[in-house]
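Report on one structure; see the data block that follows.
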Amino acid sequence: MMESVVVIEEAAELPDLPPLPAELPGIEKGAELPPLLPLPPNVPPNIDTEQVAPTVYSVISREGVGTIGKRIPLLANHFKVAVNVPDATFFQYNVTVTSEDKRNIESKGIKRKLIDRLYQIYSSELGGKSFAYDGDRTLCTVGSLPLDKFEFKVLLEESYAKHSAESPCANGKPREETKRSKCSFQSNTFTVEISFAAKIPLRSIALALDGVESDANSQDALRVLNIVLRQQAANRGCLLVRQSFFHDDSRNFTDVGGGVTGVRGFHSSFHLTQAGLALNMDMSTTMILKPGPVIDFLLFNQNVREPRNIDWTKAKKMLKNLRVRATHSHQEFKISGLSGKPCIQQLFSMKLRNVDNSNGVQTVDITVFEYFAKHCDIQLTSSAYLPCLDVGKPNRPIYLPLELCSLVSLQRYTKALSPMQRASLVEKSRQKPQERVKIVTNALGNYCYDDDPVLAACGISIERKMTEVEGRVLETPKLKVGNNGDCFPQNGRWSFTKKALLQPSQIDYWAVVNFSAKCDTSYISRELIRCGMSKGISIERPYTLIEEEPQLRRSDPVTRVENMFELLISKLTREPKLILCVLPERKNCDIYGPWKKKCLSEFGVVTQCICPVKITDQYLNNVLLKINSKLGGINSLLAIEHSGHLPLVKDTPTMILGMDVSHGSPGRSDIPSIAAVVGSRCWPLISRYRASARTQSSKVEIIDALYKPLDNGNDDGIVRELFLDFYESSQRRKPTQIIVFRDGVGESQFNQVLNIELNQIIKAYQHLGEVDVPKFTVIVAQKNHHTKLFQANGLENVPPGTVVDTKVTHPRNYDFYMSAHAGMFGTTRPVHYHVLLDEIGFSADDLQNLIHSLSYVNQRSTNATSVVAPIHYAHHAAAQMGRFMNFDDLSEASSVTSEGNVPIPELPRLHSNVKSSMFFC
């Protein structure tokens, strides 16, 4: 995911882009242009597009495989599965669990314990059947149970000493004068109902592999098999994260800082492939909170040395709902909050027997500190002047001193990692390819899946070796650079050392602003000018260098940006072509978002943000690549693109769209998602793009604003402006072919991409007055999967350009794996491309070559990117425009509408000067 470019940024661009040079491919002089012009924004369309019935699309099947490229023997982490009882049938049952007071039980942990206990007691009533249980509402058996419906009473006994708020000492033996609110051994009776729901024949898998049945029928059988894997992991005490399983073993823990630990585990799931049923097994990593003393965790989490420096407001938010174990009693509790006063001052009411030994009781107020000293024989040392953990209920608190509490292991951390944490995780968790092969193969043997009673009843056996598959290494595309030079990437990498940019920009009037107290902006500007000369970029001396006033550095980010802009405008005599902004922090700087918004949305000027740790020629080259792209220049082109010989693109106006949705921080459902789409421009080039973005409902993946009709008949959707820009930048040619690259959707959403998103794109096109709809090719790129490719006869990663479209791919659908980039560290993860629709009619070789080539056109990189550039650009555009707004403040200030929904704030629109720029580079 991370490229080698070391600059922190995605930035802006300039108004009038320089015209393409005459030698670049374009429309022949004197060629007849199509008569139709796009409708002006304020003119309604001639046709009522809402009346046109949308086309219903379905995912296409594979018609062939690629043939070109150097053959290479590979291994894939798919293990062949044999089914020796193909006629077996799964019977699915619904499970409901209720307590004695008729409440439905939702806790998966309690439900699993109940089902385990039920099986121990009532195995004979269930016909001795083994089953797979998902911990929720589904239980499956091979063959039927004796009856279609059962109701069992199950006694679940939990051994613990539960005390009232009056007695937080829970060592099981409080002093005689205290009164226990509950006995130390509590019994609860639950009602478990099991009722028949459906039959799922295992044969549906074989029929799907043969093409007789659809995938929908086989997915139920695969789901049951995957439940078996999850159940086995749950029985071993693993943390379950979908189909990944993590053991509580400190040997698998990696400290990444901030009280967060990476834990290594394994992903395991069944899949249908061309070679048959297979088990995909891979290493996996998730984040957990560092187990151990709560005080130590808070010190790590807030990066402070002493407990007195802890921010308790942040601590309360961080600790809420976490599980702790009281070290003096070995009980587990869930944290509900913190006490309002320190332990030595926090009072609670405790009931005591009367001194005369009568049956009466008296209530006295006592501090938590005093209670533990007098009644538990525990002298508190480090937490006497710290708040207590509240592990009770709102109206009945239970206070525990911090020093007596430790965080329970395997509690997931779902927030986004900081750049430092992510870098630490990558550094510590990477594995070389052959090391990964060995670990995964050994793990398969250790899990002993063949011995599982449910899998054994199906006659399932799993091979112990990885699948052998043939790959093909595509030819590396040649690049065209400045001075009519050729560039030949080696191992997916190239350099501009001693090379000029293909179309360099000229920077005659620019400024530098400095928010950092550590940078010498005069030196930076001199070095940038020097390095620019070697790349063909003519850079004059900056008109002004502005340093932030020291007294403003403690102001809030928006105030700092506003003050800097006031000072900047007072110094300038005209609009600058570029503003170079030096930030005080390299990653997640809180000035970045307000500064970008000011430049790109309000002022309309290209900006480049930097925060150099060490100024080297490589660093400056990377900065210049981004600046040149934002200013409308071109760093390099594919040689075949430069000469105008791209297959199926050169003769027909072709537009490329890249689409992605950014969902913000995990675990935050109140922050809107950002949908971004980039569209190619200046046909027949495929290296120039512009972007558009909108907000939408939180965590919603399908984009809903591609076409957005307004009450006045206009379209305010994303793709309208991209269509108009393509038309204006491509010598008034309309796209008659559109290639859509979509990132971030799973197989269950493929039909929504075709029948919601694609139909929105078509409506937006028709809204411009068009009747003839372009031909579409729709491709989904998936990066979050667990298929890995390894060289069968080598120790290194697969070479860049490796493609696999046989054996481990889908039995019918059109998909393939491609590793376009060079894996320099760890093990390469290929991108899984799914071709959902291909009306254009690419051959397998032509499409794979196009996708491979699009990994070499990213203007901000000198590496082949793992996924095609349009998707990279869409991702960067969404991330950058998402920083325009402080959604944390918005979510707190948002008022609830009459319908009870929080309104979704709209993103500020880009200024007309920069809206067509590659600001995201």
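In this structure, K290 fails the cation-pi test against F297, since its NZ or CZ atom is not both closer than 6.0 Å to the six-membered ring centre and inside 45 degrees of the ring normal.
One side chain, S409 or D248, offers a donor N or O that lies under 3.5 Å from an acceptor on the other.
Contact of the N514 side chain with the E547 side chain is registered, since non-hydrogen atoms from C-beta on lie closer than 4.5 Å.
Shown here are the side-chain contact (heavy atoms from CB on, under 4.5 Å) partners of S673, two or more places apart in sequence or in another chain: V661, H663, Q696. Under the ring-ring contact (aromatic ring centres under 6.0 Å, His included) criterion, F190 pairs with no residue, sequence neighbours left out. F152 pairs by the ring-ring contact (aromatic ring centres under 6.0 Å, His included) definition with Y122, F150, not counting sequence neighbours. Partners of R117 by side-chain contact (heavy atoms from CB on, under 4.5 Å), not counting sequence neighbours, listed by chain and number: Q120, I121, V154. Looking at residues two or more places apart in sequence or on another chain, you find a side-chain contact (heavy atoms from CB on, under 4.5 Å) between A676 and A693, A877, A878. Residues satisfying the side-chain contact (heavy atoms from CB on, under 4.5 Å) test with T363, not counting sequence neighbours, are S349, K351.
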Intermediate values then yes/no, ring-ring contact (aromatic ring centres under 6.0 Å, His included), F348 and Y371 | CA-CA 9 Å; F348 69 94; Y371 175 84; 5.6 Å; yes
Check against side chain to side chain donor-acceptor pair (under 3.5 Å), K153 and T191 | CA-CA 5 Å; K153 298 291 184 182; T191 301; 2.8 Å; yes
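Ionic pairing of R560 and E548 is present here: one or more N-O contacts between side-chain nitrogen and carboxylate oxygen are shorter than 4.0 angstrom. Under a 4.0 Å N-O distance rule, the pair K111/D136 qualifies as a salt bridge.
At least one donor-acceptor pair closer than 3.5 Å links the side chain of S601 to the backbone N or O of R909. Q231 places a side-chain N or O within donor-acceptor distance of the main-chain N or O of Y133, the cut-off being under 3.5 Å.
To the nearest 0.5 angstrom, I310 atom CD1 is 9.5 Å from N301 atom CG.
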